[in-house]
2 protein chains.
Amino acid sequence: MRPVDHSAPPGQERRRGRRPGGQQTRDALLAAARAEFAEVGFDQARVRSIAAAAGVDPAMVNHWFGGKDGLFLAAMDIPFDPAVVLARVLDGGLEETGERIVRTFLTVWDATGGGPFVALLRSVANHETAARMIREFVSEVLIGRIAAAVSTDQHRLRAALCGSQVVGLGMARYVIRLEPIASAEVDTLVAAIGPTLQRYLTGPLA
Amino acid sequence: MRPVDHSAPPGQERRRGRRPGGQQTRDALLAAARAEFAEVGFDQARVRSIAAAAGVDPAMVNHWFGGKDGLFLAAMDIPFDPAVVLARVLDGGLEETGERIVRTFLTVWDATGGGPFVALLRSVANHETAARMIREFVSEVLIGRIAAAVSTDQHRLRAALCGSQVVGLGMARYVIRLEPIASAEVDTLVAAIGPTLQRYLTGPLA
DNA sequence: GTCTATACAACGATAGAC
DNA sequence: GTCTATCGTTGTATAGAC
């Protein structure tokens, strides 16, 4: 799981032109993005509006962050790349999607020791705006795409059910540190929880 | 190690009998309990130690709070009675235990609007001590007893898996407000999530 | 007198030392 | 195994408020 490169892109240019401060543009975008995401949420936030608030061209968002998703991830300090995660989850047989979700999730967050997960949860619990941002981003970008790709009906309910179990797993393993989940092997949790997600995605819900 | 001299009560003999201001005793116990629970967690907290810190008899814990559990619930402002919840969950056929857990959980927290759940989660996320307290209490008092009552092997893993899904459900419905879980009918969620908990409790885990 | 907050002793369970 | 210490809890007597 490759972490998102939040720093400068390769070929750090300190060449001609009036402004040597590319980092300033990046920081201005981040600040404007945090304000806009906090104010109107992920869905309603507009790249053009953020860029205007930062006083730069909207193309700078693509240049520095690869798009709206990346800008959000950088603004929220989320330490993984959803595109990579999605690819990894969706690559393979449909029957093992549930297990791949659990394994991917645990691999990503275990690598960070869970610290960022706790920080994310803290902001979600403390700020209504953070809850809205995370809700919309997770629902739209992560879960929605998975569910749309593998489930036939009730995409949103199936996706939300998956989300609830995954979030609960993160809570138990990284925040509450509930044993034996906190210390369990990844394989153990994959075997136990994978079928749950699989049923949420493709099984009967009643 | 501590020889008690009953023949010569040294100076301060505590007065027995009713005195005005029983609330003072109650409040002193609550304050002492919060300090002790925060310092050493639920397991290592001692009723005798809390009572001593409050300057009263240990039996006062039972008188005012019904026991250590009740004292903890009062100190943490947890707005439900685990004894009632446990009875409700465990009363009935084994095959429907999973569904009863979901229904009971949703009924209890829906009645409060989810506010206390958010508050509880907030303290868990913000304070390591709160996380420890909740972890030990939930593991010991709630989950452990359910799993011991209905599952045959791997009690603690089964219990923790149930806990993770229930916590995740609460996160989705009350904190993140992830649709359609946030607005779903109780019956819908019972039908969708109940089988998950049932498998965690009595089904195969691999 | 009744009611109740209180104190003290003791019980069963449990864990560790020997 | 036995002994010991400590735990949460309970039973009951006492003293003060009413």
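Residue numbering restarts at 1 for every chain, and letters A, B, ... go by the order of the sequence lines.
We find that CZ of B:R46 is positioned 7 Å from C1' of D:dC7, with the value rounded to whole Å. In this structure, B:D57 places its CG atom 16 Å from P of D:dT14, rounding to the nearest Å. Going from atom CZ of B:F65 over to atom P of C:dA5 covers 12 Å, rounded to whole Å. C:dA9 atom C1' lies 14 Å from atom CE of B:M60, rounded to whole Å. One atom, CG of B:D43, and another, P of D:dC7, lie 14 Å apart when rounded to the nearest Å. Distance, B:L29 CG to C:dA5 P: 13 Å, rounded to whole Å. B:I50 has its CD1 atom 15 Å from the C1' atom of D:dT6, to the nearest Å. The nearest whole Å value for the distance from the NZ atom in B:K68 to the C1' atom in C:dT14 is 13 Å.
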Just the atom pairs and distances: protein N or O near nucleotides 15-17 of chain C's N or O, under 3.5 Å.
none

Collect all protein-nucleotide pairs involving nucleotides 10-13 of chain C in which both atoms are nitrogen or oxygen and the distance is under 3.5 Å.
residue: C:dA10; atom: N6; partner: B:R48; partner atom: NH2; Å: 3.4

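Partners of B:A33 under the side-chain contact (heavy atoms from CB on, under 4.5 Å) rule, at least two apart in sequence or in another chain, are B:F37, B:I50, B:L71, B:A75. Take A:A182 and apply the side-chain contact (heavy atoms from CB on, under 4.5 Å) test, not counting sequence neighbours, and it matches A:R177, A:E179. Legend: residues meeting ring-ring contact (aromatic ring centres under 6.0 Å, His included) with B:F65, ordered by chain and number and at least two apart, are absent. Not counting sequence neighbours, the partners of A:E96 by the side-chain contact (heavy atoms from CB on, under 4.5 Å) test are A:R100.
With values rounded to the nearest 0.5 angstrom, A:E99 atom CD is found 10.5 Å from A:T196 atom OG1.
Within the structure, the salt bridge (Lys or Arg N to Asp or Glu O under 4.0 Å) test picks out no pair touching residues 112-121 of chain A (sequence neighbours left out).
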Side-chain donor-acceptor pairs under 3.5 Å in residues 185-194 of chain A, sequence neighbours left out?
residue: A:D187; atom: OD1; partner: A:R103; partner atom: NH1; Å: 2.9
residue: A:D187; atom: OD1; partner: A:R103; partner atom: NH2; Å: 3.1

Do any side-chain atoms of residues 161-169 of chain A form donor-acceptor pairs under 3.5 angstrom with protein atoms, and if so which ones, sequence neighbours left out?
residue: A:S164; atom: OG; partner: A:L161; partner atom: O; Å: 2.7
residue: A:S164; atom: OG; partner: B:Q165; partner atom: NE2; Å: 3.2
residue: A:Q165; atom: OE1; partner: B:Y200; partner atom: OH; Å: 2.9
residue: A:Q165; atom: NE2; partner: B:S164; partner atom: OG; Å: 3.1

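Looking at the side chain of B:V47, the nearest of the listed nucleotides C:dA5, D:dG8, C:dA7 is D:dG8. Comparing D:dT9, C:dA7, C:dT6 by their closest approach to the side chain of B:N62 singles out D:dT9.
Between B:Q198 and B:T97 the shortest heavy-atom distance is OE1-N, 3.2 Å.
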